[in-house]
Amino acid sequence: MSTILDKIAAIEAEMARTQKNKATAGHLGLLKARLAKLRRELITPKGGGGGTGEGFDVAKTGDARIGFVGFPSVGKSTLLSTLAGVYSEVAAYEFTTLTTVPGCIKYKGAKIQLLDLPGIIEGAKDGKGRGRQVIAVARTCSLIFIVLDVLKPLQHKRLIEHELEGFGLRLNKSPPNIVFRKKDKGGVNLQTMVTQSELDLDTVKSILSEYRIHNADITLRYDATSDDLIDVIEGNRIYVPCIYLLNKIDQISIEELDIIYKIPHCVPISAHHKWNFDDLLERMWEYLQLVRIYTKPKGQLPDYESPVVLHSERLSVEDFCNKLHRSIAKEFKYALVWGSSVKHQPQKVGKDHVLNDEDVVQIVKKV
């Protein structure tokens, strides 16, 4: 392991002392690609399967999963206890929580699983502390809460982002708009839709040669960086929405609070006094992009208590059927829909109809 870490340190040192200009762009791209490959080896070591993480793998339940990431002693466990009513050990010293503690809240009819992860420390992406398991669990979450202490938020925020990025997590970003296709022959074919400030054919070739790819079609649809290209080639990057929670706001003045409110993706809270939780839950719902669909049995009133919760990317009637039970889609004849996604109330629709939030659906089966 130390050899990989030594290699990473050597490459980072070389990148730090290389001047950034057009002449060195290819070389820097090559170094970045090497770094990405080494990082991947750190996450998934070559050879046999890894050992079991002690109590880290928690079964996924509910409609969404949120991980609390942060340095030790910023109030992650207090927050989980007050939100979900689950007792995660709380004390005034660092590293109180040693394994993942799951909790569950119901919000707007959706069950949302909250995971209190142990505190991560600097160098977690290189395997220090429990960092690797913590970030591996964070990769499976649909939203990440980065809990920061309001008195020292910025340096912590930068360090945590650096650790998560080193693990292939991209926060609040969308996947790069780059088309990358391997082929058997014909060399590297680079097409650009807009003028590129960083990537040219030589840089792209040097990055690809590090992955031993010599024949590929690449289309860049925006001004991309070499990091974006490496993300697309690696293909194991996870794009997660993220909210920064600034905890312990009872220790600052109102003027400072007004400034904090202007930071994007930020919600100031106080876990101990339960301040501003409603704002946090609203923001959480917005970032999770969940949609509620109500069911209506024939001849009865719709069931508004327990909606079927779908993600905003999979909203067809077929997805709705599969969420209820696999066999329904096979026997499906048509559905009756009431709500904002249809012109007439009710309207007959087929499997491909896209539903909106709070629609009411009645499914008619084949006889």
Side-chain angles (χ1 to χ4, degrees), residues 64-86 88 90-94 96-97 101 103 105-108 110 112-122 124 134-135 138 141-166 169-174 239-291 312 357:
R65 178 178 219 187
I66 299 179
F68 290 56
V69 179
F71 280 100
S73 211
V74 291
K76 294 190 294 297
S77 299
T78 316
L79 186 60
L80 181 78
S81 304
T82 43
L83 270 178
V86 176
S88 175
V90 180
Y93 54 85
E94 300 196 333
T96 324
T97 309
V101 181
I105 57 171
K106 263 191 106 166
Y107 184 67
K108 294 193 178 179
I112 295 165
Q113 186 181 32
L114 304 175
L115 296 180
D116 177 21
L117 303 172
I120 62 173
I121 51 176
E122 212 177 327
V134 172
I135 298 182
C141 295
S142 21
L143 170 66
I144 288 180
F145 281 169
I146 292 186
V147 189
L148 303 165
D149 193 329
V150 79
L151 300 174
K152 39 190 173 183
L154 286 174
Q155 67 245 43
H156 276 188
K157 174 173 179 268
R158 235 173 265 131
L159 286 170
I160 290 178
E161 281 174 351
H162 187 64
E163 300 298 323
L164 293 176
E165 297 239 326
L169 272 161
R170 300 284 177 266
L171 305 175
N172 290 330
K173 281 185 190 167
S174 50
Y239 297 87
V240 192
C242 152
I243 299 178
Y244 303 102
L245 306 186
L246 296 171
N247 193 10
K248 309 186 183 175
I249 54 169
D250 44 322
Q251 299 175 5
I252 59 170
S253 66
I254 301 281
E255 290 80 11
E256 289 170 306
L257 193 57
D258 286 341
I259 297 170
I260 284 171
Y261 240 105
K262 291 172 186 158
I263 306 173
H265 311 299
C266 257
V267 180
I269 55 161
S270 167
H272 185 62
H273 296 284
K274 304 186 186 174
W275 291 349
N276 207 17
F277 274 14
D278 45 357
D279 195 25
L280 164 65
L281 290 170
E282 266 305 315
R283 189 72 75 90
M284 170 193 83
W285 184 259
E286 179 193 325
Y287 277 61
L288 282 172
Q289 297 180 313
L290 298 176
V291 170
S312 64
D357 192 21

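Predicted model, so just to flag it, every value in this text is computed and none were measured.
With rounding to the nearest 0.5 Å, the separation of CD1 in I259 from CD1 in I254 is 12.0 Å. The NZ atom of K157 sits 7.5 Å away from atom CD1 of I263, with the distance rounded to the nearest 0.5 Å. Rounding to the nearest 0.5 Å places CD1 of I112 at 8.5 Å from OG of S142. Atoms CD and CD, on E286 and E282 in that order, are 8.0 Å from each other to the nearest 0.5 Å.
Under the side-chain contact (heavy atoms from CB on, under 4.5 Å) test applied with R283, the options L143, L245, I243 reduce to a single match, I243.
Minimum heavy-atom separation, A110 to L290: CB-CD1, 4.4 Å. The minimum heavy-atom distance between C141 and V240, with the atom names listed, is O-CG1, 3.9 Å.
Listed by chain and residue number, E165 satisfy the salt bridge (Lys or Arg N to Asp or Glu O under 4.0 Å) test with K173 (two or more places apart in sequence, or in another chain). Judged as a salt bridge (Lys or Arg N to Asp or Glu O under 4.0 Å), and not counting sequence neighbours, D250 has no contacts. Partners of E161 under the side-chain hydrogen bond (donor to acceptor under 3.5 Å, both in side chains) rule, at least two apart in sequence or in another chain, are Y244.
You'll find the side chain of M284 reaches within 4.5 Å of the side chain of I105, heavy atoms only. Residues R65 and L115 have side chains in contact (heavy-atom distance under 4.5 Å, counting atoms from C-beta outward). Inter-residue side-chain proximity for D278 and N276 is flagged as met; some heavy-atom pair is nearer than 4.5 Å. With a 4.5 Å cut-off on side-chain heavy atoms, Y287 and N172 count as touching.
For N247 (side chain) and V147 (main-chain N/O), no donor-acceptor pair under 3.5 Å exists by modelled atom type.
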